[in-house]
Undergrad: 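Take a look at this one; I'll ask things after.
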2 protein chains.
Amino acid sequence: MAGRVRIQDVAAAAGVSVATVSNALNRPERVNAGTAARIQRIARELDYVPHHGAVDLRHGRRSAIALVIPDVTNSFYARITRGAADAAYGHGFSLVLCDSNDDAERERDFFTMLADQRAAGAVVVPRGADRQRLDGLRRRGIPLVLTDRAVPVQEGCSVAVDDVAGGRLAVEHLLAGGARRILVVNGDRAIRQCADRWQGARQAVREHRGAAVRQVSVPQMDVACGAAAVRELAELPDAVFCTNDFLAVGVVQALLARGVRVPGDITVAGFGDLDVATVSAVPLTTVRQPVEELGRAGVGLLLDEVEAVDDHTHEARQFPPRLVVRESAPRQEVLV
Amino acid sequence: MAGRVRIQDVAAAAGVSVATVSNALNRPERVNAGTAARIQRIARELDYVPHHGAVDLRHGRRSAIALVIPDVTNSFYARITRGAADAAYGHGFSLVLCDSNDDAERERDFFTMLADQRAAGAVVVPRGADRQRLDGLRRRGIPLVLTDRAVPVQEGCSVAVDDVAGGRLAVEHLLAGGARRILVVNGDRAIRQCADRWQGARQAVREHRGAAVRQVSVPQMDVACGAAAVRELAELPDAVFCTNDFLAVGVVQALLARGVRVPGDITVAGFGDLDVATVSAVPLTTVRQPVEELGRAGVGLLLDEVEAVDDHTHEARQFPPRLVVRESAPRQEVLV
DNA sequence: CAGTGCGTCTTAAACGTTTTAGAAAGCCGT
DNA sequence: ACGGCTTTCTAAAACGTTTAAGACGCACTG
């Protein structure tokens, strides 16, 4: 009684042709009601499940989509993955995960895997993907949705978080708390996200008379670098905006170590709302990005393009982040 | 020049039959060297990539495996995923990610997706999966490797971390540091991992004359509960072993808040080596589990069963954790 | 009673491959 | 000149489905 049961087995058991079985299961109205019921019963009894690959092949359709990311272990990508998985499940697609392990060559391999029609399309958070390769896939009829990278909208859909708004949000909050001299602890400004968050910070400051901002850039966005950035700072600001929560945790630790009270003397805001934000000695006020939403929307746009290939118009969707207020920079109750 | 190029197109362009193209690409020795070269060149020029689904169908083979997990967002599962992805890539398989979002019904859906031959097998970290359903899949010829759950080895392969050894490791370290009265802050003892880690702790203590251990159980394994567990403790121990890093972070915070020095007065060890371990006010000494290895080995065993279906013997593989010494419980330099 | 139409089922083609069996052609030795 | 062998290619079946087209019987109509 073992082994896979094919549509043929059902047909044999019911004493009809395979076509009739197929019809009974997919379009019962074309089959005598009694027969249809009988076939359905038999199929259920035999525990028949259609071979999905064959169905797809027949239909010239593909019911899997791919998600290409640099590293699931990074919670940002994990959250994208989670959102994408949700959406894929919701649409009845299966999701093949392509984790490039931050390796450009592996990423390339995944792209040729896409070309072999395994997937109907892909949501990609690019690592090294060059435009040429992406175009190659598109020409093959494999839609791509890019994430977290600026893309000319005529080339395809994209989704991203509005990092400028995020930086602005954080700094506006610090200013509203009474801070005037703001320090921004940033990562490599060549990274778009870093540049954008800094730009948002500047916008906020520019609109606030009497406020001043300055920036210090560190090589790695981790706790140690955050701590280093303020450990030997000659002149302390009123508030610090870190473009990443790890940096913020380091900053808070270093400030406390210097005997500076947070938020008493200096307020601190982070970015990302990572796990560490709540675990920090002083729970971090930070900017929460709708990352799951990024994944979900990416898959949504992709499937829209896949299914409504006729009248699909590309779209560059941007999501607003929101502020999560915790202790490191509390809601202002400062009555001046 | 757009659209998918099929093997037929290559055949037409080369003026040969599709069979010859297939041979030229897959078994060139059966084809005249010159022709083979010409066909390969043409295939390359046309950018031909075989339709993987069709190939699989023809071969009665499947080149995808599934990974069923409760939630990628949880770093434990993310690390399993990463290991599984690595191994799948290494073997030329694609990995379809089934994130059940901690939902038993969704998990069931994924299992019927498996039955439809989309995947050659699955590595599953079960949430609610009952034995009956798993057996159903196995009877269909879909091999399953279970993770992180004790399974009778005759039913299939499994991989797990040796949690008993982990608990033992941590507590032995605390004892070696000079501690005698050990407190274990544990989660729900109905959870296998919690029970095992506690058992390991007890073993270590039992083998150490003069040592005593006691346990307190908290409802959630998070920072708040960890803090609560020691905040109002009447009698402080020499050392605390927390069966999870979040608990440990909470414990450290609460101890520091009480004016207890860590590791000066009390040493603390955690479990998991999560991100938070390094970020904690006092970097945590903790037990690192080879989680990626779990995923990698899971896929390895699965593919062994898939490919060498003849002489595969089931295996329950267990991985030893190792201790990561940081500041909360430093290497003993205590010269008694 | 021939013709028409309907309801029900089946035959066969198709999806894009691989592979088996065999055909065509060239060469060899007798 | 012929049978047999080798080399090189092709036709066709197969994988498990779906579906367009057609066959068969039956009731109805004129």
Side-chain angles (χ1 to χ4, degrees), chain A residues 3-40 42-43 46-64 113-120 140-142, chain B residues 3-40 42-43 46-64 113-120 140-142:
Chain A
R4 34 173 77 46
V5 12
R6 313 184 304 295
I7 197 175
Q8 247 207 71
D9 303 322
V10 180
V16 297
S17 77
V18 296
T20 306
V21 176
S22 176
N23 281 328
L25 297 176
N26 300 318
R27 306 127 86 192
E29 70 281 5
R30 305 206 171 182
V31 165
N32 174 283
T35 330
R38 188 167 53 91
I39 294 178
Q40 288 164 2
I42 294 182
L46 292 181
D47 210 10
Y48 167 69
V49 179
H51 188 301
H52 211 93
V55 175
D56 274 6
L57 177 59
R58 172 63 230 237
H59 277 134
R61 184 222 308 162
R62 287 142 292 173
S63 59
M113 274 185 47
L114 285 175
D116 73 13
Q117 315 281 337
R118 245 182 283 228
R140 267 208 176 69
I142 312 229
Chain B
R4 32 173 84 37
V5 12
R6 313 184 304 295
I7 197 174
Q8 249 208 69
D9 303 323
V10 180
V16 298
S17 75
V18 294
T20 306
V21 176
S22 176
N23 281 328
L25 297 176
N26 300 318
R27 304 128 84 194
E29 71 280 4
R30 304 205 172 183
V31 166
N32 175 282
T35 330
R38 188 168 50 91
I39 292 178
Q40 288 164 1
I42 294 182
L46 293 181
D47 210 11
Y48 167 70
V49 179
H51 187 302
H52 211 93
V55 176
D56 274 5
L57 177 59
R58 170 65 231 235
H59 277 135
R61 181 224 306 163
R62 287 143 293 172
S63 58
M113 273 185 47
L114 284 175
D116 72 14
Q117 314 281 337
R118 245 182 283 228
R140 266 206 176 71
I142 312 229

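Just so you know, these numbers use all the heavy atoms, side chains as well, and skip hydrogens, waters and symmetry mates.
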Undergrad: Locate the shortest heavy-atom distance separating B/A119 from B/L114; write the atom from each residue and the value.
TA: CB-CD2, 3.7 Å
Undergrad: Residues in side-chain hydrogen bond (donor to acceptor under 3.5 Å, both in side chains) with B/D56, at least two apart?
TA: B/R61, B/S63
Undergrad: Going by side chain to side chain contact (heavy atoms under 4.5 Å, CB included), name the residues that satisfy it together with B/A37, two or more places apart in sequence or in a different chain.
TA: none
Undergrad: Determine which pairs satisfy salt bridge (charged side-chain N to carboxylate O under 4.0 Å, His left out) with at least one residue from residues 17-27 of chain B, sequence neighbours left out, and list them in order.
TA: none
Undergrad: Taking CG from B/L25 and P from C/dT19, how many angstroms apart are they, rounded to a whole number?
TA: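 These atoms are roughly 12 Å apart.
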Undergrad: State which residues pass salt bridge (Lys or Arg N to Asp or Glu O under 4.0 Å) with A/R118; sequence neighbours excluded, sorted by chain then number.
TA: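 With neighbours one apart ignored, the set is A/D116.
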Undergrad: Each nucleotide in nucleotides 20-25 of chain D should get exactly one letter: B, S or -. Can you fill that in based on protein heavy atoms under 4.0 Å?
TA: ------
Undergrad: Quick one: is B/T20 getting a side-chain N or O under 4.0 Å of the D/dT10 phosphate, OP1 or OP2?
TA: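 It does, given that an N or O in the side chain of B/T20 lies less than 4.0 Å from OP1 or OP2 of D/dT10.
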Undergrad: Using OP1 and OP2 only, check whether a side-chain N or O of B/T35 sits under 4.0 Å from D/dC9.
TA: yes
Undergrad: Write out a two-atom table: protein N or O, nucleotide N or O from nucleotides 15-17 of chain C, distance below 3.5 Å.
TA:
from, atom 1, to, atom 2, distance (Å)
C/dC15, O2, A/R58, N, 3.2
C/dG16, N2, B/A54, O, 3.4
C/dT17, OP1, B/Y48, OH, 3.4
C/dT17, OP1, B/H51, N, 3.3
C/dT17, OP2, B/I7, N, 2.8
C/dT17, O5', B/Y48, OH, 3.2

Undergrad: Can you name the residues that form a salt bridge (Lys or Arg N to Asp or Glu O under 4.0 Å) with A/R30, not counting sequence neighbours?
TA: none
Undergrad: Anything under 3.5 Å between a donor and an acceptor, one on a side chain of residues 7-14 of chain A, the other on a protein residue two or more places apart or in another chain? List them.
TA:
from, atom 1, to, atom 2, distance (Å)
A/D9, OD2, A/R6, N, 2.7
A/D9, OD2, A/R6, NH1, 3.4

Undergrad: Mind checking salt bridge (Lys or Arg N to Asp or Glu O under 4.0 Å) for B/R38 and listing every partner two or more places apart, or none if nothing turns up?
TA: none
